[in-house]
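The next block holds one structure in the form of structure tokens; read it before the comments.
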Amino acid sequence: MFFQNHYFYYISIGLQVVCAIHCIRKGTQNNWIWVIIFVPFIGSLAYLFTEIFTRNQRVNLQDGIAGVLVSHNARIRRLENNLKFANTFNNRIMLADAYLAAGHTDSAIEIYESSLTGAFEENEHVIMQLIIAYYNKGEYARVLPLAGKVYMLPQFARSKAHIQYAIALEKTGDPAKAEQEFKKMKARFSHFESRYEYGLFLLRAGRKEDATHIFTEIAEESRHLSPRERKGNRTWIVQAKEEIKKHVKELLSDDFKVRAASMTSLEKYGEADIV
């Protein structure tokens, strides 16, 4: 489900930071700061709609969200009717894919699992979709045997399922093998999503310098991409740059702490004693 996806965590934190800074600058922190901090995501959304968006912007955003929801629901209803009319493998998988895209993960899994029979027992599309579905649910142990069935296929090597397989290895206690998989997806001027996820993996392992090196490579390479390539990888490029900014801020913060500690020592013991 969406709320189990680790991207949601970063979105929620980002919203909190933006809203907290905005309310402090606007002078409304007495009314909002505790709501933003202690009611994550929902509190931030409430602040966005109340204090940041204008009325017209709110209407446009609501219309946009409603349009997406209607589009998803209308497509699902159409595919459900198609399946009632003709219970074919193709109709079942199209409906399962729509369920997965809409966040109805359990319904998608039920169809995928029941469809892996007979001539379709080893269908690579269904297996890779199941990898994504179980990953989204946080059932990482189920991802591993599924990945083993499609591991040698060329389409798996550069797929989202491969990235999720690597993370599943980490989550199930095999970080060394996870890193091996990330390294297989590491190539210059490509694989931006997998490289960004590799950087996050390194951060989780406490290897900040290695992670920052990965993020810096992504940022530098983005300057040489075509507009179309840059647009297609914008999410990972922007997030990589954000991670670089965090690292720089941490370095500056650490330097400030060292200087502050030195000043405290000077005040406590006297500059002549230290020199």
Side-chain angles (χ1 to χ4, degrees), residues 1-12 41 65 67-175 177-178 181-182 184-185 191 193-194 196-198 200-201 204 235-236:
M1 297 293 287
F2 177 74
F3 285 91
Q4 292 172 308
N5 194 305
H6 69 286
Y7 289 123
F8 177 77
Y9 171 79
Y10 297 106
I11 293 171
S12 179
F41 192 69
I65 293 172
V68 170
L69 293 176
V70 169
S71 176
H72 270 305
N73 291 334
R75 184 167 187 269
I76 286 174
R77 284 197 299 271
R78 177 170 56 80
L79 292 171
E80 287 173 339
N81 289 331
N82 289 347
L83 184 58
K84 289 177 183 178
F85 179 76
N87 188 3
T88 64
F89 175 81
N90 187 57
N91 283 347
R92 288 197 301 274
I93 301 311
M94 287 181 67
L95 177 57
D97 289 347
Y99 279 150
L100 186 60
H104 306 317
T105 311
D106 289 330
S107 298
I109 288 174
E110 184 179 351
I111 296 175
Y112 288 138
E113 292 282 11
S114 64
S115 299
L116 288 174
T117 58
F120 303 104
E121 187 175 0
E122 301 295 328
N123 184 272
E124 61 269 18
H125 173 76
V126 174
I127 292 173
M128 286 200 282
Q129 289 293 88
L130 270 174
I131 289 172
I132 294 170
Y134 280 125
Y135 175 89
N136 289 349
K137 284 176 62 68
E139 297 185 21
Y140 304 113
R142 289 179 175 266
V143 169
L144 306 186
L146 290 167
K149 293 181 179 182
V150 293
Y151 187 83
M152 299 305 296
L153 297 177
Q155 58 265 42
F156 179 75
R158 300 183 63 176
S159 68
K160 191 174 190 67
H162 192 182
I163 298 171
Q164 295 176 336
Y165 169 57
I167 298 173
L169 286 168
E170 176 199 2
K171 298 293 186 181
T172 53
D174 197 347
K177 191 171 182 181
E181 295 303 321
F182 277 121
K184 290 176 183 178
M185 295 181 277
H191 296 191
E193 181 180 3
S194 59
Y196 171 73
E197 290 292 347
Y198 182 28
L200 295 183
F201 164 82
R204 291 192 294 271
T235 298
W236 321 115

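What you see is a predicted model, and the numbers here were worked out from it, not measured in a lab.
Two residues are said to be in side-chain contact when any heavy atoms from C-beta on lie closer than 4.5 Å; Asp97 and His125 meet this criterion. Annotation: side chain of Leu116 is in contact with side chain of Leu130 (closest heavy-atom distance under 4.5 Å). Side-chain contact between Lys160 and Ile131 is absent, with no heavy-atom pair separated by less than 4.5 Å. Side-chain contact between Thr235 and Glu193 is absent, with no heavy-atom pair separated by less than 4.5 Å. Met94 has its side chain within reach of Asn90: a pair of non-hydrogen atoms, C-beta onward, lies under 4.5 Å apart. Two residues are said to be in side-chain contact when any heavy atoms from C-beta on lie closer than 4.5 Å; Asn136 and Leu100 meet this criterion. Side-chain contact between Ser115 and Asn123 is absent, with no heavy atoms from C-beta onward closer than 4.5 Å.
Every residue was checked against the ring pair (Phe, Tyr, Trp, His ring centres under 6.0 Å) condition with His191, not counting sequence neighbours, and none meets it.
The aromatic rings of Tyr151 and Phe156 are tilted relative to each other, their planes meeting at an angle between 30° and 60°. Classified by interplanar angle (parallel below 30°, tilted 30° to 60°, perpendicular above 60°), the ring pair Phe89/Phe120 is parallel. Between Tyr198 and Phe182, the ring planes lie parallel to each other; the angle is under 30°, not in the 30° to 60° tilted range.
Comment: Arg77 does not engage Glu80 in a salt bridge, judged by the lack of any side-chain N to carboxylate O separation of less than 4.0 angstrom.
Taking all atoms of both residues into account, the shortest heavy-atom contact from Leu83 to Arg92 is CD1-CG, 3.4 Å. Here the closest non-hydrogen pair linking Asn91 and Ala86 is ND2-O, 2.8 Å. Of all heavy-atom pairs spanning Thr105 and Ala133, the tightest one is CG2-O, 3.5 Å. Taking each heavy atom of Ile93 and Tyr112 in turn, the nearest pair found is CD1-CD2, 4.1 Å. Here the shortest heavy-atom pairing between His162 and Ala157 reads ND1-O, 2.9 Å.
Of the inter-residue distances, the one linking Lys171 atom NZ with Tyr140 atom OH reads 5.0 Å to the nearest 0.5 angstrom. Atom CD of Glu121 and atom CD1 of Ile127 lie 8.5 Å apart (nearest 0.5 Å). With values rounded to the nearest 0.5 angstrom, Tyr135 atom OH is found 3.5 Å from Ile167 atom CD1. Interatomic distance, Glu197 CD to Arg204 CZ, rounded to the nearest 0.5 Å: 7.0 Å. Between atom CZ of residue Arg78 and atom CG of residue Leu95 there is a gap of 10.5 Å, rounded to the nearest 0.5 Å.
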Please step through side chain to side chain contact (heavy atoms under 4.5 Å, CB included) for the pair Gln155 and Val150, ending with a clear verdict. CA-CA 9 Å; Gln155 58 265 42; Val150 293; over 6 Å; no
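Residue Glu113 qualifies as enclosed at atom CD: its count of foreign heavy atoms under 6.0 Å is above 12.
At distances below 3.5 Å, at least one donor-acceptor pair connects side-chain atoms of Ser194 with backbone N or O atoms of Met185.
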